Each structure stands twice: as C-alpha cells, then as structure tokens.
2 protein chains.
Amino acid sequence: MPASRSAAGAVDESAARRPTLTEVAALAGVSLKTASRALNSEPNVAEDTGRRVRDAADQLGYRLNGIARELRRGATSALVALISGDLTNPFYSAVASGIERELRQHGLQLVTANNDEDPELERALIDTFLERRVRALLIVPSGDRHGYLAIEGSRGVPFVFLDRPPDGIDADVVVIDNAGGARAGAEHLLRGGHRRIALIADLARTVPQRGRIAGFQAAMRAAGNRQWEPYLRTDVHDVRRAEETVRELLALDPPPTALFTTNNRLTTGALRVLKDRPEPPALIGFDDFDLAEVIGTTVVAHDAVAMGREAARLAHERISGHSGPARSIVISTSVIARGSGERPPA
Amino acid sequence: MPASRSAAGAVDESAARRPTLTEVAALAGVSLKTASRALNSEPNVAEDTGRRVRDAADQLGYRLNGIARELRRGATSALVALISGDLTNPFYSAVASGIERELRQHGLQLVTANNDEDPELERALIDTFLERRVRALLIVPSGDRHGYLAIEGSRGVPFVFLDRPPDGIDADVVVIDNAGGARAGAEHLLRGGHRRIALIADLARTVPQRGRIAGFQAAMRAAGNRQWEPYLRTDVHDVRRAEETVRELLALDPPPTALFTTNNRLTTGALRVLKDRPEPPALIGFDDFDLAEVIGTTVVAHDAVAMGREAARLAHERISGHSGPARSIVISTSVIARGSGERPPA
DNA sequence: GTGAAAGCGCTAACAG
DNA sequence: CTGTTAGCGCTTTCAC
C-alpha cells in the first residue's frame with residue numbers, strides 16, 4: 001500500500017528531508033553550479049540544459065532553501081519586524097496593515113510580535129529579531145529606554161519608532177500630531193459653550209498621552225477656562241476603568257457637561273456608560289473607529305494605516321542605503337463632527 | 001571627528017559586518033567550539049573561561065547569527081506563517097492575535113501575509129514561505145484549490161486551514177459552526193414573529209457563506225415559512241453594496257420586517273442605513289463586534305481569538321511530531337440578544 | 001556554456 | 001574541560 005498523501009503531517013520516511021540542489025543537478029546530469037544558474041534564470045545556460053534542470057527539480061519536488069541562500073548572500077533576510085501591542089486593538093492592526101502593504105511593494109515580508117506592553121519582553125523580542133537578522137525593526141515601543149539599541153543601529157539595522165519617540169537613541173520616527181489634535185478637539189467643545197469639560201486620559205507616563213493632555217490644557221488656557229480642572233482623570237488604562245471613571249464623573253455635583261477621552265479604549269468605555277443616560281454629556285474621543293458614524297460619535301481622527309505605510313517607507317529607504325540624519329514624520333489629525341461632540345451644555 | 005552613533009542607519013565602515021563567533025573566540029583566546037559552548041550555556045565549560053568568552057562577546061557587540069544556526073541545525077526556522085485577508089478586518093486580526101499568543105508559548109514566531117483575496121498571490125506567498133522553511137503554514141484561504149500542497153504536507157510542513165476547508169487535500173482545519181449559528185439566528189427571528197426576513201449574504205461561492213445560507217434556509221423550512229424567499233440577496237461583498245442592498249430591500253412593498261446579515265461587513269452596511277430610519281426592521285448579524293453592545297445589535301457570536309488559538313495548537317502538535325489523521329475543530333456560536341433582533345414585526 | 005573549489009557562520013561528532 | 005574536523009545548502013570566484 002502506498003504511503004498516504006495526506007498533508008496532515010504523516011511522517012513517512014520520505015518526509016524527513018527535502019531534495020537539495022545537488023540532487024537536482026545529479027538527476028539532470030549537470031554540475032551543481034549549472035543547476036543553480038538554471039533555476040535562478042541567470043544568463044549563460046543553454047536552453048535545453050535549462051529545461052532538463054527544471055524537469056529534474058519538478059520531479060523531485062525541489063524547493064530552494066532560503067536559509068542557505070541567505071547565509072551565503074550575507075546572512076540577512078527579507079524580513080522586517082514589527083513589535084507592537086496586541087493586534088486586536090484596531091489601532092495596531094491598522095498600523096500593521098499599512099506596513100505590510102508598503103513592504104510588499106519592495107519584496108519584504110512582515111513579522112509581527114506582541115510586546116504585551118512589557119518592556120522586558122520587548123527587549124527580548126528585539127534580541128530575537130536581531131539574531132534572525134531582520135532587515136529593519138519597526139517598534140511601537142512599550143519600554144522607554146532604548147539607548148542599548150544605538151550600537152545596533154550603527155551596525156546597519158535601521159530602526160523606526162511609531163507613535164512614541166525613542167529615548168536615548170536618535171532614530172526615524174512617525175508620530176501623530178497628538179497635541180494639535182487634542183487642542184482642536186478641546187476647542188471644538190469650547191466653541192460649543194462647554195466649560196466643565198472632563199479629560200479622561202490613559203497612562204500619563206507615555207509620550208502620546210502627555211501630548212494629548214498638553215494640547216487639551218493649552219486650549220483651556222488659551223480660552224481662560226479653569227473650570228475643567230476638577231474633572232481631570234489620568235492613568236485610566238482599560239475599558240472597565242474607563243466606565244467606572246465616567247460614572248464617577250457624572251455623579252459629581254455639578255457634573256461635567258462634556259467628556260474628552262484620549263484614545264479608542266477610553267471612548268468605548270465612555271460610550272457604554274452614556275448609552276443608558278437620558279441626557280448624556282457631550283463626548284469627543286481621540287482615535288476614529290469603525291462604527292463611529294453609526295453611533296454618531298465626534299472624534300479626533302488620524303490615519304493609522306498611513307502611519308504604518310510611512311514607517312515602512314522610511315525603513316525601506318534606510319535598507320536601500322539612505323543615510324541622512326534621523327527623520328520625523330507627523331501624521332495630521334482632524335475633528336470629525338458626528339453629533340456627540342455638538343451636544344450643548346445642559 | 002568620530003563616526004555618528006545615530007541609529008538612523010549611517011553606514012560607516014564598521015557598519016558593514018558584524019563580528020563572528022570566530023572573532024569572539026580569538027579575542028577570548030579559546031577555540032571556536034568553546035566559545036560556542038559558553039554562549040549557549042552548554043555544560044563542560046570552566047566558569048572562568050565562560051566569563052572570558054562572554055566579556056569578549058560584549059566587547060565586540062557580538063550577536064548570534066540565527067540564519068547560520070538554522071542552516072546547521074537542519075534548515076528549519078522557528079517561524080510559523082499565517083496567510084489571511086487584510087488585518088484591518090477585525091475577524092482576521094482576532095485570529096492572528098489568538099495564533100500569536102499560542103505560538104509564543106512554544107517559542108515560535110508568527111509571520112503574517114495578506115493574500116488580498118487573490119488566489120494567485122496566495123499561492124505565491126505559500127511558495128515564499130516554504131522556501132523560507134517555516135515550520136507550519138496556517139491559511140485562511142482565498143483560493144479554493146490546494147491539491148498542489150499535498151506533496152508539501154507529506155514532506156513534513158504541517159498545514160492548518162482556518163474558516164474555510166481546503167479543497168483537494170486532507171489537512172487539519174478549524175471552522176465556525178456556520179450552519180448552526182445561522183440557524184439559531186434565524187430561529188430567533190422566527191420566534192419573534194417575523195416571516196418576511198431578508199437574508200443578505202456575501203459571496204455565495206465560499207464555504208462559510210454557503211453554510212450560513214443553508215442554516216438559515218433550514219430554519220425557514222422547518223418553520224414552514226417561504227415568505228422570506230423574495231428577500232434573498234447574495235454576493236454582497238462590501239459595505240457600500242450592503243448599504244445599497246438594504247435600501248433596496250426596504251423600498252420593496254411589502255418590505256421585510258427583519259434582516260439577517262451573514263458577516264460583520266454586511267452588518268456594518270445595514271447599521272448605516274438603519275440608523276436614519278424611524279421604524280427600522282429587526283436585525284441580526286453574524287460575527288460579534290466591539291460596540292455591538294453600545295449600539296444594541298443582536299448577533300450570532302463566536303470566538304475568533306479561540307479559533308486562532310486552536311489552529312496554532314494543532315500546528316504545534318504536528319510540529320512536535322504528532323501524525324494522526326487530519327482533525328477538524330468546530331468553533332461554536334451563540335446568539336446574543338441586545339435589542340435589534342428583538343424588535344417585533346411592524 | 002559549463003564546472004571545481006571555496007566558504008558564508010554556525011553546531012555535531014569525535015578526539016584528546 | 002577543550003579543541004579539531006567536517007559539513008548544513010547554497011552562491012561566488014575563477015578556470016576551462
């Protein structure tokens with residue numbers, strides 16, 4: 001009875017090893033080098049010889065060993081790594097999608113890893129990828145000290161930081177206009193007549209959050225408004241805490257007439273609470289999301305896919321030999337009015 | 001002037017090459033093999049020797065060449081590939097997240113690629129990954145002929161198919177209970193008193209969609225209801241077309257009193273239309289989504305992260321040598337009532 | 001047009 | 001405990 005043709009992983013004897021180029025050459029009756037030339041479509045191979053080699057390869061089920069090729073060609077792969085937070089967060093998956101599309105234009109492949117927002121793990125992942133000889137490393141950093149990467153960068157592995165600038169190293173970076181976006185959102189609420197505006201922010205130690213908080217504050221200062229100050233809440237890091245925080249804020253006397261949430265998670269939390277309220281406060285959230293239009297949520301939007309694309313573009317330029325000073329790209333934001341941000345103060 | 005320490009990719013002379021193990025050994029004054037042993041924490045290295053080697057490595061900025069190691073160890077990497085649709089679709093990113101988490105437990109790394117729903121591209125990607133000697137290949141297939149993979153599977157590269165079973169090859173697979181879920185959703189509407197129920201489905205040539213359509217039909221047949229038949233619409237593939245289709249359906253006389261959409265994209269389209277209607281029909285959508293609770297959308301839910309996790313688990317078992325017949329895992333579904341599916345017929 | 005020999009950087013096998 | 005030798009599968013000289 002013949003061996004099963006199942007792909008389920010049945011390990012028969014033939015399963016162990018794949019045919020090598022040497023075996024293809026032997027079967028075709030040519031030298032190793034000629035076989036190599038034929039399969040790589042290099043010049044100086046007689047048409048007939050080429051055909052014989054390709055037939056032999058097909059017959060054996062030959063497949064090039066990319067690892068051997070890479071070793072010989074200089075131990076550098078066609079892989080570009082992305083280290084970010086969990087892909088179930090639409091922000092990260094949008095960034096990853098933008099990167100992947102851009103890389104593909106250049107024959108590069110994306111490898112992703114989740115840092116679980118753990119700086120230790122992040123560093124371990126960076127090590128792993130460098131050992132694997134990725135061509136470039138794109139990082140949405142969780143940790144905040146990256147000085148140890150300087151020597152790597154100088155050795156020819158380009159780094160690009162997304163969303164958060166690196167600390168202790170001078171590298172290409174793509175960030176959102178956090179301060180500008182938050183300021184525009186805050187001004188939108190002020191124009192609507194709001195004064196008691198609650199600011200609900202994520203971990204204040206991160207640079208993007210600091211930028212958003214600063215932008216918001218700048219708008220308040222410029223308007224001479226200080227009534228928002230009792231309603232500032234930071235370090236709200238997940239949906240549940242956001243819900244609690246919003247509930248607490250609305251229970252105050254007097255309650256805020258408007259909320260500004262500084263990322264999509266916090267906006268989700270706020271929405272969950274507001275849906276049950278007869279007279280909800282106004283709401284503007286940083287980060288656009290899929291159904292914002294359906295729900296009627298006013299947001300500070302930006303293009304996360306473009307962010308990924310730009311980062312990949314920078315990385316590709318470095319890979320191609322560009323060697324200027326570190327560059328910085330800022331992704332612009334815009335306020336999209338959909339109703340929730342236009343509710344007047346009670 | 002000293003060379004810049006910038007990570008921006010400045011290519012000074014030292015950038016060209018990384019130190020090798022041979023150089024580390026030379027600096028430490030030991031043999032190549034001893035250096036290897038020391039850095040791999042193998043037994044039989046004097047403590048003092050080990051320290052000398054590690055110092056030398058640090059001093060040179062040595063980093064193991066993973067490509068050389070892999071070649072020597074049998075030309076097989078620690079990479080597992082996922083080929084799927086675009087990661088901006090939350091279904092795919094949830095799957096990817098589940099896979100990534102499970103793989104990490106076993107020291108494996110995820111590589112992702114987008115097939116753009118193009119079977120040609122999909123096949124090219126598979127080739128690329130096989131050349132790169134991935135340990136396993138997880139595929140949410142776009143193409144529907146995979147017979148050509150049989151020989152690969154028999155050579156020891158495990159394949160796992162997600163969401164859609166493969167055609168022409170017998171491989172592990174993880175699917176959703178499409179028929180059961182759709183049937184439960186349809187029965188939920190029937191119980192609510194609906195008879196004129198519109199079914200809005202995606203490309204009917206795909207197996208999951210056929211399953212959902214069949215499940216829906218089975219429920220109708222069992223209830224002796226044929227009033228739904230004029231309201232069947234298939235091959236609706238994007239949000240815009242879904243909006244148009246829903247608008248057309250609602251303009252019919254008599255209009256349907258309920259809608260059943262067979263995936264998240266179509267549900268999004270329906271929601272965009274319904275939000276402007278004073279008396280919207282009931283709606284149930286296949287696939288849960290982030291803000292469904294906020295919007296109050298009744299859905300047929302399933303756990304896409306678990307789907308990825310199970311697929312990764314199957315792949316890992318194959319990698320570890322398991323060699324039984326192909327297995328099939330079914331992810332269960334449940335109807336989550338949130339309001340939209342409980343609206344009574346007009 | 002074609003082939004022989006060398007070697008990418010590492011680990012495995014075997015000696016000492 | 002340490003070192004020597006060989007070789008993973010391929011591409012790159014360089015010679016024919």
Side-chain angles (χ1 to χ4, degrees), chain A residues 16-54 56-57 60-78 128 130-135 155-157, chain B residues 16-54 56-57 60-78 128 130-135 155-157:
Chain A
R17 231 177 38 77
R18 302 192 72 104
T20 71
L21 191 53
T22 311
E23 296 169 47
V24 173
L27 181 61
V30 298
S31 82
L32 175 63
K33 179 57 203 170
T34 301
S36 168
R37 273 196 270 259
L39 295 178
N40 288 308
S41 317
E42 285 174 29
N44 291 336
V45 176
E47 197 168 315
D48 176 60
T49 312
R51 189 167 37 249
R52 237 172 41 247
V53 172
R54 276 188 297 278
L60 293 174
Y62 170 78
R63 208 176 277 273
L64 176 83
N65 186 328
I67 296 176
R69 163 181 278 182
E70 280 167 8
L71 176 60
R72 186 58 245 242
R73 299 230 262 225
T76 181
S77 69
T128 306
L130 289 173
E131 286 190 356
R132 202 145 277 152
R133 296 298 193 267
V134 294
R135 296 291 286 278
R155 277 248 161 56
V157 183
Chain B
R17 229 176 39 76
R18 303 192 72 103
T20 72
L21 190 53
T22 312
E23 296 169 47
V24 173
L27 181 61
V30 298
S31 82
L32 174 63
K33 180 60 201 171
T34 300
S36 169
R37 274 196 269 259
L39 295 178
N40 287 309
S41 317
E42 287 174 28
N44 294 335
V45 176
E47 197 168 314
D48 176 59
T49 313
R51 190 168 36 250
R52 237 172 41 246
V53 172
R54 276 187 296 278
L60 293 173
Y62 170 78
R63 205 176 279 272
L64 176 85
N65 186 330
I67 295 176
R69 163 183 277 182
E70 280 168 7
L71 177 59
R72 184 60 245 240
R73 296 232 263 224
T76 184
S77 67
T128 307
L130 289 173
E131 285 190 357
R132 201 147 277 151
R133 295 299 193 266
V134 294
R135 295 291 285 279
R155 278 250 162 53
V157 183

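Naming: A, B, ... by sequence-line order, numbering from 1 per chain. Only a predicted model underlies this, so the values are computations on that prediction, with no experimental measurement involved.
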Asker: In whole angstroms, how far is the C1' atom of D/dG7 from the CG atom of B/L71?
Answerer: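 That distance rounds to 9 Å.
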
Asker: Please give, in whole Å, the distance from D/dC8 P to B/R133 CZ?
Answerer: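 Roughly 14 Å, once rounded to whole Å.
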
Asker: Which residue lies toward the 5' end of DNA chain C, A/T49 or B/L32, if each is placed at its nearest nucleotide?
Answerer: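 Per heavy-atom nearest nucleotide, the more 5' residue is A/T49.
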
Asker: Measure from the side-chain heavy atoms of B/R73 and tell me the nearest of C/dA12, D/dT4, C/dG9.
Answerer: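 Selected nucleotide (nearest to the side chain): C/dA12.
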
Asker: Can you tell me which nucleotide in C/dC10, C/dA13, D/dG9 comes closest to the side chain of B/N65?
Answerer: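 Per side-chain heavy atoms of B/N65, the pick is C/dC10.
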
Asker: Identify the heavy atoms of A/L39 and A/A57 that sit nearest to each other, and give their distance.
Answerer: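 Where A/L39 meets A/A57 most closely, the heavy atoms are CD2-CB, 4.2 Å.
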
Asker: Tell me: CZ of B/R72 to P of D/dG7, nearest whole Å?
Answerer: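 Rounded to the whole Å, the gap is 9 Å.
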
Asker: Quick one: CZ on B/R133 to CG on B/L71, what's the gap to the nearest 0.5 Å?
Answerer: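 Interatomic distance, B/R133 CZ to B/L71 CG, rounded to 0.5 Å: 10.0 Å.
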
Asker: Taking only side-chain N and O atoms of B/S36, does any of them lie within less than 4.0 angstrom of OP1 or OP2 on C/dT11?
Answerer: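 Result: yes.
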
Asker: Please report the distance, rounded to the nearest Å, between NZ in B/K33 and P in C/dT11.
Answerer: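 From B/K33 NZ to C/dT11 P: 7 Å.
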
Asker: If you take all heavy atoms of B/R18 and B/E23, which pair is closest and at what distance?
Answerer: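 For B/R18 versus B/E23, the nearest heavy atoms are O-OE2, 4.4 Å.
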
Asker: D/dG3, C/dC10, C/dG3: which one has an atom nearest the side-chain heavy atoms of B/T34?
Answerer: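 For B/T34, the side-chain atoms sit closest to D/dG3.
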
Asker: How many whole angstroms separate atom CG of A/N44 from atom P of C/dG1?
Answerer: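 After rounding, the gap between these two atoms is 6 Å.
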
Asker: Do you know which two heavy atoms are closest between A/L21 and A/S36, and how far apart they sit?
Answerer: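 Closest approach of A/L21 to A/S36: CD2-CB, 3.7 Å.
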
Asker: Measure CD/A/E47 against P/C/dG1 and give the value in whole Å, please.
Answerer: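 About 11 Å, once rounded to whole Å.
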
Asker: Nearest to the side chain of B/A68, which nucleotide is it out of D/dT4, C/dG9, C/dG3?
Answerer: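 The closest nucleotide is C/dG9.
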
Asker: What's the closest nucleotide to the A/A46 side chain, out of D/dT11, D/dG7, C/dG1?
Answerer: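 Closest nucleotide to the A/A46 side chain: C/dG1.
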
Asker: Does B/R37 make a side-chain donor-acceptor contact with the base of D/dG3, cut-off 3.5 Å?
Answerer: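 Side chain to base: pair present.
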
Asker: Given atom CZ of A/R69 and atom C1' of C/dG9, what is their separation to the nearest angstrom?
Answerer: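 It works out to 19 Å between those atoms.
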
Asker: If we only count heavy atoms from C-beta on, is the A/R37 to A/V30 side-chain gap below 4.5 Å?
Answerer: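 In short, these two side chains do not touch, never coming nearer than 4.5 Å.
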
Asker: Can you measure A/E70 atom CD to C/dC10 atom P for me and round it to whole angstrom units?
Answerer: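 Nearest whole value for this atom pair: 15 Å.
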
